[in-house]
Amino acid sequence: MARGEQQAAEAIAAALADLGFSARPVDLRPIPFEGTWGLATSAAYALGNEVVMRELEERGQLEGLSKKEAKTLAGASVRERVPVLARQIAERVAAAGNPLFGSVEAVNGYVNIAFDANAIAAALIGEVLERGSRYGQGAPIAESVMVEHSQPNTHKDFHVGHLRNSVLGVAIGNILRAAGYEVKDANYIGDIGMHVIKCLWCYERFHKREEPARLEDRGRWLGEVYAESDARLNFRKDVLDFLQLLAREDQQFVATIDRMLKYLWRKGAEGEDIAYLLGRITHAQPIKDELLRDDEVIPRFWPIVGDQLRAEVAAPRPYVPVEGEPEPTMTPEERLERWEALAEHMDEWWGPSRGWRDEVRATLARWEAQEPEFVALWEETREWSMVGFRRIFEELGATFDVWFYESEVEEEGRQIVRDLLEQGIAEISEGLPVVKIDEKLGLSEPTYRTLPILRSDGSTLYSTKDLALTRRKFEEFGVDRAIWVVDVRQSLYFQQIFKILELWGFEQARRAQHLDYEMVRLPEGVISSRKGNAPLYVDIRDAVVARAREIIEEKNPELDATRKEDVAWDVALGSLKYAMLARDTSKVVVFDLEEALSFDGHAAPYIQYAHARASRILEHAGETDESLLAQLEGLDFGALQPEELGLLQGIAALPDEIQRAAAEYRPLLITSYVYELAKRFNDFYHACPVLQSPEPTRTARLALTAATRRALANGLALLGIDAPEEM
RNA sequence: GCGCCCGUAGCUCAGCGGAUAGAGCGCUUGCCUCCGGAGCAAGAGGCCAGAGGUUCGAGUCCUCUCGGGCGUACCA
């Protein structure tokens, strides 16, 4: 195929030289029509313009004309000249008589070179079958690339957001490898950080030794403990924020607040706090926790608020917009729901929660002091999470050459911070080391802003660790390029990290690159572990695999049981991965379980099905890639059908698609490719009988079927999707 | 404020500066005695958010406007 392209390019270049044009790059692309196999160039358009302008120039007709006027003058003659030039080029290419070219035509100003498919199909199919799983791969490139992805946090759950990351990271690694790069896949486990401290605080304080008996259940349970810690620690703020929200947007609430608080006051609550609440709420101002004196007041006030909200739901009044007031963000029902959620813990949490943040700080100090008992607890619980992660990575087909852990780079990070401070790149501001990047770069507009690189108590931040990690990737592993697959919200952050390292004189930071992608959302909105609405990977996987089993039972009940189970996994995981990849990285993925459970249409099973059909045809014929490879001599399709030509063109396109997907970091291109190829195969086997055809067509079509199957399997493999031979 | 991203069919999305802007879902109508109907064929459905510009040629590149999302000092 590469040969066909090269010969077309040479033939056009020769034709242009013959016509007296200087050497120039010529665009070549597939002829974009169904049932064609060949290449087209639009060279005549550029030449037409060039020629006409030159002629006008020589005749002095452009003098005194503006560019616009010159263009208008030239327009008509350009339009006339283009088809003429195209015809001249086509005639010369045809005259050269290349046996690979079936026809050379000038159409609409394009020069279309159609291949003599019979002449090169054998070469193409031979290349595909011979290279097998390596078909499509590029020549080795002497550049090593580290692709960091997956980065789950221990002590937290692995949800659908992490799924996009892992699937994307795996695919990008595969694609770069296939393109010829030397790729190292790296994971970076978030095994330390504030979330771990919070989780362990909550565990020790409220749930010690309540963990499930089975080791494999503990990771998830730990995630729940983390979520609880967050809810506990934010409780006071959540309550006060909610009151402020009511004050801002619930007119009825504000109207009755005076009466509500007087009632409370009569019940004997402290007057000072009540006066404070009244003032803040009637003026819709934030309520400051530290100004509340009596921890009894809010819990006593809460039921009264609930009564009011219930009354508002029971007897809704129309919302009256007020000039200058913001629209309400919550309906009365939502407000009541929110109130109920907070009420659940009010009595138990409100008072004690005052001291919780200090307790967490003390827990962090135990980590910082590397207190043996605490470190042992950390190690044990960390492993609970890791057990689950390893299983998930195995299921996803994610393998790693390098495992980084945040806990390993803390010290090294501190070292870099010290150095940055000594060199005056970092400074102490508001009590903590930061780098004022814009200032250092002399930028007046806020661009890179300021990044804290260590907490004021000396404990490490994410940034502390990433400074060290970046250096390690280049120095310890000697990679030429390092890519971080991390969602788009961290874009500024990574620019800051890399810029700081550059300021520090670490030149290789220029070869560090954040590969960002958009978020996964739910139909009902943003995924939030605080709202507890993050669908967990394991749950989604179970649901999708169960659905796949049902469909197999329905479509192919004769399959033996273990095959059924394998296929259910291939289809379910394939479908899930495909959905994550078949959307550009710049687009938000809306994850809808209902959609994920449908295997119709533009989805992995469509492509897997085409692969299975191809496999079945070959099985019926008793042919394999090897046996067909031996029969390629004198391969003869007879009169080629449009569907066959389209399929050949599709198979031939894989190597270029891989190169482009690698250059642009876009697995989407591969998802589009395999879908398109599956579609073409579908067209082919509906239009062209294979097994019933007379020889030599039969063998030719079998060979084409085998090559298609290979290209489909290789394309899917790049996406981390398995292609079953039956389903 | 500043920065990044998105805006294409009812919905979800493709679309390498090039030929008649395409898929899937949903809707309407056909197709299993025929290599497997997880499929195929046909139909309806578009001022490519808007305005300028660059170009022989713009959904695609540039500028601006509008609408939406995200980020913006001790979370990761």
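We name chains A, B, ... by the order of the sequence lines, and we start the count at 1 in each one.
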Hey, does [X] reach any base, or is it just sugar-phosphate, or nothing, if we go heavy atoms under 4.0 Å?
X	result
Glu406(A)	sugar-phosphate
Arg613(A)	base
Ser429(A)	base
Arg666(A)	sugar-phosphate
Glu50(A)	nothing
Ser491(A)	nothing

Pairs touching residues 569-603 of chain A that satisfy ring pair (Phe, Tyr, Trp, His ring centres under 6.0 Å), sequence neighbours left out: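 Sorted pair list: Tyr578(A)-His602(A), His602(A)-Tyr675(A).
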
Below the 4.0 Å mark, does [N] have OP1 or OP2 next to a side-chain nitrogen or oxygen of [X]?
X	N	answer
His686(A)	C31(B)	no
Arg698(A)	C35(B)	no
Asn682(A)	C40(B)	yes

Rounded distance (nearest 0.5 Å) linking atom CH2 of Trp367(A) with atom CH2 of Trp378(A):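 Separation between the atoms: 4.0 Å.
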
Reported NZ-to-CZ distance for the pair Lys465(A) and Arg414(A), which is rounded to 0.5 angstrom: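 Result: 9.5 Å between the selected atoms.
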
Separation of the [atom1] atoms in [N] and [M], to the nearest angstrom:
N	M	atom1	answer
G39(B)	G71(B)	C1'	46 Å
A58(B)	C13(B)	P	28 Å
C62(B)	G69(B)	C1'	24 Å

Measure from the side-chain heavy atoms of [X] and tell me the nearest of [options].
X	options	result
Pro605(A)	A76(B), C34(B), A38(B)	A38(B)
Leu669(A)	A14(B), C75(B), G15(B)	G15(B)
Tyr609(A)	G57(B), G39(B), U72(B)	G39(B)
Glu657(A)	C16(B), C2(B), G57(B)	C16(B)
Asp683(A)	C2(B), C40(B), A76(B)	C40(B)
Ser586(A)	G57(B), A76(B), C5(B)	C5(B)

Position toward the 5' end of RNA chain B (nearest nucleotide), Glu726(A) or Lys587(A):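 Here Lys587(A) is the residue nearer the 5' end.
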
Base of C56(B) paired with side chain of Arg81(A) (donor-acceptor, under 3.5 Å):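 Donor-acceptor pair under 3.5 Å: no.
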
Stretch residues 548-557 of chain A: residues that reach within less than 4.0 Å of RNA chain B through a heavy atom: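 Here the set is Ile551(A), Ile552(A), Lys555(A), Asn556(A).
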
Phe498(A) ring center near Trp484(A) ring center (under 6.0 Å):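 Yes.
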
Summary of protein contacts for nucleotides 17-30 of chain B, nucleotide by nucleotide, where a base hit scores B, a sugar-phosphate-only hit scores S (4.0 Å, heavy atoms): -BB---SSS-----

Chi class for C32(B): syn within 90° of 0, otherwise anti: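 Base orientation relative to the sugar is syn.
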
Would you tabulate the nitrogen or oxygen pairs shorter than 3.5 Å linking the protein to nucleotides 62-70 of chain B?
from: G69(B); atom 1: O2'; to: Arg521(A); atom 2: NH2; distance (Å): 2.7

Those residues that, when tested against Lys237(A), pass side chain to side chain donor-acceptor pair (under 3.5 Å) (two or more places apart):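 So Lys237(A) forms a side chain to side chain donor-acceptor pair (under 3.5 Å) with Asp241(A).
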
Salt bridge (charged side-chain N to carboxylate O under 4.0 Å, His left out) partners of residues 579-605 of chain A, not counting sequence neighbours, each pair once: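 For residues 579-605 of chain A: Asp584(A)-Arg666(A).
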
